[in-house]
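Input: a single structure, listed below in C-alpha coordinates.
Every number for a ligand or one of its atoms is a count from 1 in the order of the listing. Note that this is a predicted model, so its numbers are computed, not measured.
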Amino acid sequence: MSEEVKGSASPASRWRNQGTPLVGILCGSASDLPVMQQATAILERFQIPYDLRVISAHRNPDLVDEFARTAEERGLVCVICGAGMANHLAGAVAARTVLPVIGVPLSGSKLGGADALYSTVQMPKGVPVATVAIDGAVNAAILAAQILAVRDEDVKRRVWEFKESLAEGFRP
Ligand code: RP5
(Lines give C-alpha, C1' and ligand atoms only; values in the text may rest on other atoms or scores of the structure.)
Protein backbone atom coordinates (compact mmCIF):
# COMPACT_ATOMS: atom_id res chain seq x y z
CA MET A 1 0.00 0.00 0.00
CA SER A 2 1.32 3.44 -0.85
CA GLU A 3 2.17 6.10 1.71
CA GLU A 4 -0.52 8.31 0.22
CA VAL A 5 -3.22 5.70 0.69
CA LYS A 6 -2.11 5.28 4.30
CA GLY A 7 -2.95 8.95 4.78
CA SER A 8 0.34 10.33 6.11
CA ALA A 9 0.02 13.49 4.01
CA SER A 10 -2.77 15.41 2.41
CA PRO A 11 -3.19 14.12 -1.14
CA ALA A 12 -4.26 17.57 -2.30
CA SER A 13 -1.13 19.21 -0.94
CA ARG A 14 1.07 16.56 -2.49
CA TRP A 15 -0.74 16.81 -5.81
CA ARG A 16 0.04 20.50 -5.95
CA ASN A 17 3.75 19.70 -6.04
CA GLN A 18 4.24 20.76 -9.64
CA GLY A 19 7.60 19.00 -9.88
CA THR A 20 6.08 15.53 -9.64
CA PRO A 21 4.26 14.11 -12.65
CA LEU A 22 0.70 13.23 -11.71
CA VAL A 23 -0.47 11.72 -15.00
CA GLY A 24 1.46 9.12 -16.95
CA ILE A 25 0.97 9.08 -20.69
CA LEU A 26 2.15 6.11 -22.70
CA CYS A 27 2.14 5.85 -26.50
CA GLY A 28 2.68 2.59 -28.32
CA SER A 29 4.78 4.27 -31.01
CA ALA A 30 6.32 7.61 -31.88
CA SER A 31 3.82 7.61 -34.75
CA ASP A 32 1.11 8.05 -32.09
CA LEU A 33 2.55 11.30 -30.78
CA PRO A 34 0.64 13.74 -33.02
CA VAL A 35 -2.65 12.54 -31.49
CA MET A 36 -1.40 11.94 -27.97
CA GLN A 37 0.17 15.39 -27.76
CA GLN A 38 -3.39 16.71 -27.80
CA ALA A 39 -3.60 15.20 -24.31
CA THR A 40 -0.45 16.95 -23.16
CA ALA A 41 -1.83 20.27 -24.40
CA ILE A 42 -4.93 19.81 -22.25
CA LEU A 43 -2.93 18.82 -19.18
CA GLU A 44 -0.74 21.88 -19.64
CA ARG A 45 -3.88 24.02 -19.83
CA PHE A 46 -4.94 22.55 -16.46
CA GLN A 47 -1.37 22.95 -15.09
CA ILE A 48 -1.10 19.24 -14.39
CA PRO A 49 2.44 17.81 -14.64
CA TYR A 50 2.72 14.65 -16.71
CA ASP A 51 5.24 12.03 -17.77
CA LEU A 52 5.01 11.17 -21.49
CA ARG A 53 6.79 8.08 -22.79
CA VAL A 54 6.78 5.98 -25.94
CA ILE A 55 6.63 2.35 -24.82
CA SER A 56 5.01 -0.49 -26.74
CA ALA A 57 3.22 -3.37 -25.04
CA HIS A 58 4.54 -5.63 -27.78
CA ARG A 59 7.99 -4.21 -28.50
CA ASN A 60 8.97 -3.18 -24.95
CA PRO A 61 6.96 -5.46 -22.64
CA ASP A 62 9.51 -5.30 -19.83
CA LEU A 63 9.45 -1.49 -19.83
CA VAL A 64 5.66 -1.51 -19.69
CA ASP A 65 5.86 -3.89 -16.76
CA GLU A 66 8.33 -1.67 -14.89
CA PHE A 67 6.42 1.52 -15.67
CA ALA A 68 3.11 0.11 -14.47
CA ARG A 69 4.41 -1.59 -11.35
CA THR A 70 6.23 1.57 -10.17
CA ALA A 71 3.62 4.13 -11.29
CA GLU A 72 1.95 4.52 -7.89
CA GLU A 73 5.15 4.84 -5.87
CA ARG A 74 6.38 7.49 -8.32
CA GLY A 75 3.34 9.60 -7.45
CA LEU A 76 1.23 9.10 -10.55
CA VAL A 77 -2.51 9.35 -9.96
CA CYS A 78 -3.71 7.90 -13.26
CA VAL A 79 -2.29 6.66 -16.54
CA ILE A 80 -3.40 7.42 -20.11
CA CYS A 81 -2.42 4.83 -22.72
CA GLY A 82 -2.77 5.48 -26.44
CA ALA A 83 -2.03 2.91 -29.11
CA GLY A 84 -3.33 1.72 -32.44
CA MET A 85 -3.96 -1.61 -34.13
CA ALA A 86 -4.08 -4.51 -31.60
CA ASN A 87 -4.00 -2.16 -28.62
CA HIS A 88 -2.86 -4.07 -25.55
CA LEU A 89 -1.06 -1.17 -23.89
CA ALA A 90 -3.85 0.04 -21.62
CA GLY A 91 -4.82 -3.47 -20.60
CA ALA A 92 -1.22 -4.43 -19.88
CA VAL A 93 -0.84 -1.40 -17.61
CA ALA A 94 -4.22 -1.94 -15.93
CA ALA A 95 -3.20 -5.51 -15.10
CA ARG A 96 -0.23 -4.22 -13.09
CA THR A 97 -1.55 -1.23 -11.12
CA VAL A 98 -4.53 -0.12 -9.07
CA LEU A 99 -4.34 3.37 -10.56
CA PRO A 100 -7.15 4.24 -12.96
CA VAL A 101 -6.13 3.63 -16.56
CA ILE A 102 -7.63 5.54 -19.47
CA GLY A 103 -7.29 3.93 -22.88
CA VAL A 104 -7.16 5.87 -26.14
CA PRO A 105 -7.73 3.70 -29.20
CA LEU A 106 -5.94 5.27 -32.15
CA SER A 107 -6.88 5.26 -35.82
CA GLY A 108 -4.38 4.94 -38.59
CA SER A 109 -4.63 1.24 -39.21
CA LYS A 110 -6.36 -0.28 -42.23
CA LEU A 111 -9.33 -0.86 -39.92
CA GLY A 112 -9.55 2.82 -39.05
CA GLY A 113 -9.18 2.33 -35.31
CA ALA A 114 -12.01 -0.19 -34.86
CA ASP A 115 -9.33 -2.77 -34.08
CA ALA A 116 -7.81 -0.57 -31.39
CA LEU A 117 -11.25 0.37 -30.02
CA TYR A 118 -12.33 -3.22 -29.54
CA SER A 119 -9.01 -4.34 -28.09
CA THR A 120 -9.02 -1.42 -25.64
CA VAL A 121 -12.64 -1.46 -24.52
CA GLN A 122 -13.30 -5.20 -24.35
CA MET A 123 -11.50 -5.80 -21.08
CA PRO A 124 -12.38 -8.84 -18.98
CA LYS A 125 -14.16 -8.45 -15.65
CA GLY A 126 -11.87 -7.31 -12.88
CA VAL A 127 -9.46 -5.24 -15.00
CA PRO A 128 -11.22 -2.07 -16.15
CA VAL A 129 -9.89 0.38 -18.69
CA ALA A 130 -11.81 3.65 -19.09
CA THR A 131 -11.91 3.82 -22.85
CA VAL A 132 -12.51 7.08 -24.72
CA ALA A 133 -13.36 7.55 -28.38
CA ILE A 134 -11.05 6.67 -31.25
CA ASP A 135 -8.33 9.36 -31.23
CA GLY A 136 -9.98 10.77 -28.08
CA ALA A 137 -6.77 12.02 -26.48
CA VAL A 138 -8.41 15.32 -25.52
CA ASN A 139 -11.16 13.60 -23.57
CA ALA A 140 -8.64 11.26 -21.97
CA ALA A 141 -6.78 14.26 -20.56
CA ILE A 142 -9.98 15.94 -19.40
CA LEU A 143 -11.01 12.73 -17.65
CA ALA A 144 -7.60 12.53 -16.00
CA ALA A 145 -8.03 16.12 -14.80
CA GLN A 146 -11.47 15.26 -13.43
CA ILE A 147 -9.97 12.35 -11.48
CA LEU A 148 -7.41 14.73 -9.98
CA ALA A 149 -10.09 17.35 -9.33
CA VAL A 150 -11.81 15.08 -6.81
CA ARG A 151 -9.05 15.97 -4.33
CA ASP A 152 -7.60 19.17 -5.80
CA GLU A 153 -9.68 22.35 -5.69
CA ASP A 154 -7.34 24.24 -8.04
CA VAL A 155 -7.69 21.62 -10.75
CA LYS A 156 -11.44 21.47 -10.12
CA ARG A 157 -11.71 25.21 -10.65
CA ARG A 158 -9.79 24.98 -13.93
CA VAL A 159 -12.00 22.12 -15.13
CA TRP A 160 -15.09 24.20 -14.32
CA GLU A 161 -13.63 27.15 -16.23
CA PHE A 162 -12.97 24.81 -19.12
CA LYS A 163 -16.56 23.53 -19.05
CA GLU A 164 -17.87 27.07 -19.04
CA SER A 165 -15.68 27.88 -22.04
CA LEU A 166 -17.33 24.97 -23.89
CA ALA A 167 -20.73 26.55 -23.28
CA GLU A 168 -19.37 29.78 -24.72
CA GLY A 169 -18.35 28.01 -27.93
CA PHE A 170 -14.70 27.16 -27.20
CA ARG A 171 -13.55 23.95 -28.87
CA PRO A 172 -10.43 22.23 -27.51
C1 RP5 B 1 0.74 0.29 -32.46
O2 RP5 B 1 0.95 0.08 -33.80
C3 RP5 B 1 1.21 1.68 -32.20
O4 RP5 B 1 0.58 2.20 -31.07
C5 RP5 B 1 0.85 2.41 -33.45
O6 RP5 B 1 -0.44 3.02 -33.33
C7 RP5 B 1 0.79 1.31 -34.49
C8 RP5 B 1 1.84 1.45 -35.53
O9 RP5 B 1 3.11 1.57 -34.92
P10 RP5 B 1 4.41 1.91 -35.78
O11 RP5 B 1 4.57 0.78 -36.74
O12 RP5 B 1 4.14 3.24 -36.46
O13 RP5 B 1 5.53 2.01 -34.80
O14 RP5 B 1 1.45 -0.64 -31.69
Side-chain angles (χ1 to χ4, degrees), residues 2 15 19-149 155 159 162 166 170-172:
S2 74
W15 291 359
T20 305
L22 299 176
V23 177
I25 305 178
L26 297 187
C27 308
S29 168
S31 64
D32 300 328
L33 284 171
V35 174
M36 294 308 293
Q37 281 168 343
Q38 296 172 22
T40 64
I42 292 290
L43 293 177
E44 286 166 17
R45 176 191 176 106
F46 291 141
Q47 300 176 42
I48 296 170
Y50 58 85
D51 175 7
L52 170 65
R53 304 189 195 189
V54 175
I55 308 178
S56 164
H58 306 122
R59 295 165 175 156
N60 318 105
D62 293 342
L63 289 179
V64 170
D65 182 76
E66 182 188 0
F67 180 93
R69 291 188 191 281
T70 62
E72 190 182 355
E73 68 195 45
R74 287 184 288 111
L76 296 179
V77 176
C78 68
V79 182
I80 298 171
C81 299
M85 303 184 74
N87 180 354
H88 299 120
L89 188 55
V93 172
R96 292 167 169 83
T97 182
V98 297
L99 298 179
V101 175
I102 304 168
V104 186
L106 299 177
S107 63
S109 71
K110 291 186 176 176
L111 298 180
D115 42 2
L117 173 63
Y118 286 160
S119 51
T120 307
V121 77
Q122 287 291 76
M123 289 296 293
K125 283 178 189 169
V127 190
V129 166
T131 305
V132 296
I134 295 171
D135 292 338
V138 167
N139 274 0
I142 295 169
L143 183 54
Q146 290 173 321
I147 291 169
L148 285 163
V155 173
V159 174
F162 175 78
L166 292 178
F170 172 83
R171 292 179 65 82

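Residue contacts with ligand 1, taken as heavy atom pairs separated by less than 4.0 Å, involve S31 solely via side-chain atoms from C-beta onward. Heavy atoms of D32 found under 4.0 angstrom from ligand 1 belong exclusively to the side chain.
When hydrogens are left out, the protein atom nearest atom 10 (P) of ligand 1 is S29 OG, 3.4 Å; that is the closest non-hydrogen contact. Closest to atom 7 (C) of ligand 1, if we only count protein heavy atoms, is M85 SD, 3.9 Å. Looking only at heavy atoms of the protein, atom 14 (O) of ligand 1 is closest to G84 O, 4.0 Å.
Contact between A116 and A83 at its shortest, heavy atoms only, is CB-O, 3.7 Å. Considering every non-hydrogen atom in both L99 and A71, the closest pair reads CD1-CB, 3.8 Å.
With sequence neighbours excluded, no residue forms a ring-ring contact (aromatic ring centres under 6.0 Å, His included) with F67.
Near A83, with a cut-off below 4.0 Å to any heavy atom, the atoms of ligand 1 are 4 (O).
By the neighbour-count criterion of 12 heavy atoms within 6.0 Å, atom CE of M123 is densely surrounded, having more than that number from other residues, nucleotides or ligands.
In this structure, the side chain of S119 engages the main chain of N87 through a donor-acceptor pair within 3.5 Å.
Ligand 1 is approached by R59 to a heavy-atom distance shorter than 4.0 Å.
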For residues 33-45, which side-chain donor-acceptor pairs fall under 3.5 Å, sequence neighbours excluded?
{"residue": "T40", "atom": "OG1", "partner": "Q37", "partner atom": "O", "Å": "2.8"}
{"residue": "E44", "atom": "OE2", "partner": "Y50", "partner atom": "OH", "Å": "2.4"}

